[in-house]
Visitor: 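Next up is a structure, given as structure tokens.
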Amino acid sequence: MIKRSNQTRLGKRLLSLLLCSFLVTGCADISLGDKEGSQDVSASNEELSQDTGSVADDQAQNDSQIDDSKTPLTSSDAASSNQEDGADKADKNSKVSKTGADAGDENLFAIMPDYFYFSSGAGGWGTDIIISEDGSFEGSYHDSDMGDTGEGYQYGTVYVCNFTGKFDVPQPTDDEYIYTTKLLDLTLTDADKIGTTVIEDETRYIYTDPYGFEDADEFMIYLPGASLSDMTEECRSWVDVRMESIERLPVDYYVLYNVGGAEAFNGIKDDSIWTQDFQYQYGDAYVNFSPAYYMGSYFSFFVDNDSPASLSLSIPWDGESEETIECEENWTSDPETYNVTIKKKDDETYIITVEGISDKEFDFSPWGGTEPGKFSAEFVLIESD
């Protein structure tokens with residue numbers, strides 16, 4: 001079996017998808033093309049909602065795991081701390097540039113994530129690949145249709161394919177954030193079974209070709225910092241970044257694009273900010289910070305574990321910028337606006353400052369705020385179980 005994305009990453013993607021349904025009133029469907037044997041995905045949307053609820057429950061359990069002895073920072077405390085951390089910022093900027101032009105000096109496959117996924121974000125289908133440092137990879141494709149039942153397979157139908165392959169050494173282009181490579185080999189594990197059917201455990205399995213490798217020859221590799229405008233429309237349709245304010249691939253985000261098939265795989269580094277959550281606690285009150293690249297990061301204030309969020313903001317953050325961001329409230333028809341600044345202190349701590357724009361009188365005192373409409377505190381990494 002191929003290695004799947006870790007539970008944290010999947011949970012955060014599902015949570016982002018659920019929140020998106022509240023933030024927008026309608027979305028354009030992403031076309032799945034003319035893939036042979038593509039299935040009706042509506043049934044799996046209910047499964048997605050159920051899985052997301054489970055993720056939210058897990059988050060609630062994590063809420064009580066942070067030490068409540070911390071005291072809030074004032075705005076001056078945050079500013080002083082950020083001056084002391086100037087060296088950390090310089091190191092961060094140096095690391096970011098390493099994914100651009102300097103990447104040509106190293107093995108690109110060693111820098112990239114090993115896990116890439118190809119999926120629309122809806123439906124029970126997907127193609128996963130694991131890429132080794134030498135460019136070789138193994139992968140699997142599955143497409144589940146639990147509504148396609150019959151005699152002997154009451155649990156539905158699953159299209160499957162396992163495969164291996166290898167990419168050539170990536171070559172630079174005129175753009176420092178874009179490389180190109182060739183598919184040297186693609187071998188189907190059960191090539192002799194393509195088109196055949198087997199029923200096991202009351203489920204029908206149909207062997208098929210891997211979706212994502214149609215007409216595969218040339219692949220483009222987009223590194224963090226690559227301009228989204230430099231991608232084709234077909235490529236962008238598969239990329240999970242949906243924030244209108246984001247013009248380039250966020251930190252730790254990579255795209256592997258099959259030019260011939262117009263299909264894109266997404267890859268996120270395992271230790272990325274996008275796989276982590278942070279929290280600040282003040283007595284029974286707490287604030288959650290969940291970085292997300294899909295529709296924006298989420299910042300929510302709770303007075304205790306039994307109450308809904310008193311304030312929730314959507315933050316269009318790129319994962320590294322320390323510039324002040326104007327943000328709006330979630331889930332309201334007439335949202336208030338706030339300025340939010342996110343500054344990295346170290347790998348496990350961020351200093352976040354909030355100041356009201358349209359609402360300058362919001363009461364942050366339950367979270368240690370000392371001035372109306374203003375809040376600043378250190379957020380620490382929530383350790384996964």
Side-chain angles (χ1 to χ4, degrees), residues 1-6 32-38 99 103-120 125-144 158-175 177-198 205-224 226 231-232 234-235 237-240 249 253-270:
M1 296 294 294
I2 188 168
K3 182 176 72 175
R4 304 295 183 188
S5 57
N6 61 52
L32 300 184
D34 297 326
K35 176 175 71 74
E36 181 180 352
S38 62
T99 64
D105 299 331
E106 299 185 35
N107 178 358
L108 191 60
F109 287 124
I111 298 173
M112 294 166 51
D114 57 355
Y115 171 77
F116 280 78
Y117 65 90
F118 171 54
S119 174
S120 69
W125 72 272
T127 303
D128 304 327
I129 58 175
I130 300 294
I131 306 176
S132 299
E133 293 186 7
D134 64 354
S136 61
F137 62 87
E138 60 177 5
S140 70
Y141 161 69
H142 67 277
D143 185 356
S144 302
V158 181
Y159 293 80
V160 295
C161 181
N162 294 317
F163 54 92
T164 60
K166 185 168 185 176
F167 292 114
D168 200 358
V169 176
Q171 299 299 316
T173 67
D174 292 338
D175 189 315
Y177 298 104
I178 303 175
Y179 283 69
T180 182
T181 185
K182 291 282 189 178
L183 179 65
L184 299 179
D185 176 66
L186 182 67
T187 302
L188 307 189
T189 304
D190 297 304
D192 57 331
K193 296 181 180 179
I194 298 299
T196 65
T197 299
V198 61
Y205 295 92
I206 300 177
Y207 293 91
T208 186
D209 294 312
Y211 190 23
F213 286 88
E214 281 78 8
D215 300 319
D217 179 27
E218 181 184 16
F219 281 74
M220 307 299 295
I221 301 173
Y222 296 92
L223 308 183
M231 301 178 183
T232 64
E234 292 81 4
C235 181
S237 72
W238 296 110
V239 175
D240 279 346
L249 285 183
Y253 195 112
Y254 297 72
V255 171
L256 180 64
Y257 179 58
N258 174 9
V259 177
E263 299 148 342
F265 291 77
N266 300 268
I268 312 296
K269 286 194 171 181
D270 287 338

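All values reported here derive from a predicted model rather than from experimental measurement.
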Visitor: Taking ring pair (Phe, Tyr, Trp, His ring centres under 6.0 Å) as the test, write out the residues that go with F109, two or more places apart.
Guide: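 None.
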Visitor: Counting C-beta onward and ignoring hydrogens, is there a side-chain heavy-atom pair between K269 and I111 closer than 4.5 Å?
Guide: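 Yes, their side chains come closer than 4.5 Å.
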Visitor: How would you list, by chain and number, every residue that makes a side-chain hydrogen bond (donor to acceptor under 3.5 Å, both in side chains) with K182, sequence neighbours excluded?
Guide: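 Partners of K182 by the side-chain hydrogen bond (donor to acceptor under 3.5 Å, both in side chains) criterion, ordered by chain and then number, come out as D217.
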Visitor: Check whether the ring centres of Y117 and W238 lie less than 6.0 Å apart, and answer yes or no.
Guide: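 So the answer is no for these two rings.
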Visitor: T180: which residues meet the side-chain hydrogen bond (donor to acceptor under 3.5 Å, both in side chains) condition with it, sequence neighbours left out?
Guide: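 Checked T180 against side-chain hydrogen bond (donor to acceptor under 3.5 Å, both in side chains); matches are E218.
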Visitor: Of F167, F265, Y257, which is the lone residue that meets ring-ring contact (aromatic ring centres under 6.0 Å, His included) with F219?
Guide: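 Looking at F167, F265, Y257, the match for F219 under the ring-ring contact (aromatic ring centres under 6.0 Å, His included) is F167.
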Visitor: With a 4.5 Å heavy-atom cut-off, do F163 and T127 have their side chains touching?
Guide: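 Yes. Closest side-chain heavy atoms under 4.5 Å.
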Visitor: Would a 4.5 Å heavy-atom cut-off, applied to side chains only, mark L183 and F213 as touching?
Guide: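 Side-chain contact under 4.5 Å: yes.
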Visitor: For a side chain to side chain contact (heavy atoms under 4.5 Å, CB included) check, start with the C-alpha distance between T196 and V198, then their side-chain angles and the critical distance, and finish with the verdict.
Guide: CA-CA 7 Å; T196 65; V198 61; over 6 Å; no
Visitor: Does any part of the side chain of F118, heavy atoms only, come nearer than 4.5 Å to the side chain of L256, both counted from C-beta?
Guide: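 Of all side-chain heavy-atom pairs linking F118 with L256, none is under 4.5 Å.
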Visitor: Within the structure provided, determine whether Y207 and V160 are in side-chain contact (heavy-atom separation under 4.5 Å).
Guide: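 Result yes, sub-4.5 Å side-chain heavy-atom pair found.
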Visitor: What's the verdict on side chain to side chain donor-acceptor pair (under 3.5 Å) for S136 and D134, showing C-alpha distance, side-chain angles and the deciding distance?
Guide: CA-CA 6 Å; S136 61; D134 64 354; 2.6 Å; yes
Visitor: Any non-hydrogen side-chain atom of Y159 less than 4.5 Å from a side-chain atom of W125?
Guide: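 Answer no - side chains too far apart.
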Visitor: Please examine the side chains of V259 and T232, heavy atoms only from C-beta on, and report whether any two atoms are closer than 4.5 Å.
Guide: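 In short, these two side chains do not touch, never coming nearer than 4.5 Å.
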Visitor: Using a 4.5 Å cut-off on heavy atoms from C-beta on, say whether the side chain of F137 contacts that of L186.
Guide: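 Yes, their side chains come closer than 4.5 Å.
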Visitor: Taking atom CG of D209 and atom CD1 of I194, what is their separation to the nearest 0.5 Å?
Guide: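 Output value for this atom pair is 5.0 Å.
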